[in-house]
Amino acid sequence: SSVREVLPGLMYVRPPAHGKMPFDELDENALSNALSASSGLLSKTLSGVISGLSSPLARELAFRVPGNEDARMEEIDTRRTAGRIIKEMESILSSPSPAVQLNDAGEAMDLLAFEYKSRTGFQKKTFPTLSEAIDDYYYLRDLEERMKQKSAAVHKVIKNNIERLEKKIALQLEALE
């Protein structure tokens, strides 16, 4: 680390605080002040001021609260938004809904710990526990990867044959002229 050394025999020192609010201890006034002091996209601001908040979750909160993933700080009432964000975070944390999001071909796209209201158009497979969802997600990804690896040789043979036949056709057309 550029800030501290982590080596055997040295005293472990916790990393310095990065000035973000813990996601499970949000305070409406502090969050409102942090939002007021920011500009740009709400989702970027949220992931910048709340510790442990991923970009996808920040976009989901932006979708749920002002109703637009691309909401800008200049367009929102920060006091009201801060309160609603805290309520949404409490709701998300209190009602996990583990699922694997699938694309149209039934392939695993993403692993979800809770219901994403912004992703209603996608298929999903729900599970009773996050552990089961993780197992299924990586099982599906592994199957997809093995199929790609096994089919790569077949694709290469087909591509080579097509190229060879195209060369033969070109030679035969040249001979006819």
Side-chain angles (χ1 to χ4, degrees), residues 1-6 11-142 144-145:
S1 168
S2 63
V3 179
R4 62 195 173 103
E5 287 187 334
V6 180
M11 178 78 141
Y12 178 77
V13 180
R14 290 181 95 14
H18 47 277
K20 292 183 176 185
M21 293 176 255
F23 72 92
D24 57 346
E25 297 174 13
L26 292 176
D27 172 61
E28 188 172 341
N29 289 330
L31 182 57
S32 177
N33 291 339
L35 294 177
S36 296
S38 301
S39 62
L41 290 175
L42 172 61
S43 60
K44 290 235 185 245
T45 300
L46 289 174
S47 57
V49 299
I50 301 174
S51 179
L53 193 68
S54 67
S55 293
L57 178 51
R59 285 193 303 274
E60 176 66 16
L61 286 170
F63 177 81
R64 287 183 182 202
V65 175
N68 178 5
E69 280 186 37
D70 299 320
R72 300 193 60 77
M73 296 304 301
E74 301 79 18
E75 304 166 350
I76 64 168
D77 172 9
T78 56
R79 169 79 49 203
R80 189 167 164 258
T81 299
R84 291 187 60 206
I85 285 170
I86 291 170
K87 286 180 183 160
E88 285 296 332
M89 284 293 294
E90 289 169 354
S91 169
I92 287 168
L93 292 171
S94 67
S95 59
S97 178
V100 173
Q101 182 180 334
L102 308 170
N103 64 14
D104 293 334
E107 299 169 332
M109 286 178 49
D110 203 356
L111 177 63
L112 310 173
F114 59 90
E115 183 181 358
Y116 275 74
K117 294 180 179 177
S118 61
R119 298 182 183 183
T120 55
F122 293 99
Q123 294 177 308
K124 66 181 178 183
K125 238 170 121 176
T126 58
F127 295 89
T129 66
L130 188 56
S131 180
E132 290 176 69
I134 291 169
D135 287 344
D136 191 67
Y137 174 77
Y138 285 107
Y139 172 76
L140 291 173
R141 295 294 297 240
D142 184 51
E144 294 163 22
E145 188 61 34

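From Phe122, atom CZ reaches atom OG1 of Thr120 across 9.0 Å, with rounding to the nearest 0.5 Å. Between Thr129 atom OG1 and Ile134 atom CD1 the span is 8.5 Å, to the nearest 0.5 Å. In this structure, OG1 in Thr126 is found 10.5 Å from CG in Asp136, a value given to the nearest 0.5 Å. Separating the OG1 atom in Thr81 from the CZ atom in Arg84 is a distance of 7.0 Å, to the nearest 0.5 Å. Here the CZ atom belonging to Phe114 is positioned 8.0 Å from the CE atom belonging to Met89, to the nearest 0.5 angstrom. Separation of atoms OG (Ser51) and CG (Leu26) is listed at 10.0 Å; rounding is to 0.5 Å.
Side chain of Gln101 to backbone of Leu112: no donor-acceptor contact under 3.5 angstrom is found. Side-chain N or O atoms of Asp142 include none that pairs as donor or acceptor with a backbone N or O of Tyr138 at under 3.5 Å. Under the 3.5 Å distance criterion, the side-chain polar atoms of Gln123 are left unmatched by any main-chain donor or acceptor of Asp104. The closest donor-acceptor contact from the side chain of Lys20 to the backbone of Ser47 lies under 3.5 Å. Side-chain N or O atoms of Glu74 include none that pairs as donor or acceptor with a backbone N or O of Ser39 at under 3.5 Å.
With sequence neighbours left out, the ring-ring contact (aromatic ring centres under 6.0 Å, His included) criterion links Phe63 to no other residue. In terms of the salt bridge (Lys or Arg N to Asp or Glu O under 4.0 Å) criterion, Arg141 has no residue partners (sequence neighbours excluded). The salt bridge (Lys or Arg N to Asp or Glu O under 4.0 Å) test applied to Asp77 returns no partner, not counting sequence neighbours. Glu25 is linked by a salt bridge (Lys or Arg N to Asp or Glu O under 4.0 Å) to nothing, counting only residues two or more places apart in sequence or in another chain.
When side chains are defined from C-beta on, Leu42 counts as touching Pro66, because their heavy atoms get closer than 4.5 Å. With a 4.5 Å cut-off on side-chain heavy atoms, Leu46 and Leu35 count as touching. Looking at Ile76 and Val65, their side chains never come closer than 4.5 Å, going by heavy atoms from C-beta outward. When side chains are defined from C-beta on, Asp110 does not count as touching Tyr116, because their heavy atoms never get closer than 4.5 Å. Between Ile92 and Leu61, the closest side-chain pair of non-hydrogen atoms falls below 4.5 Å. Between Leu41 and Arg72, the closest side-chain pair of non-hydrogen atoms falls below 4.5 Å.
Heavy atoms only, all atoms of each residue included: Glu69 and Ser118 are closest at OE2-CB, 3.5 Å.
Listed by first and then second residue, the side chain to side chain donor-acceptor pair (under 3.5 Å) pairs that reach into residues 86-98 are Arg64-Glu88, sequence neighbours excluded. Sorted pairs that involve residues 33-59 and meet salt bridge (charged side-chain N to carboxylate O under 4.0 Å, His left out), not counting sequence neighbours, are lacking altogether.
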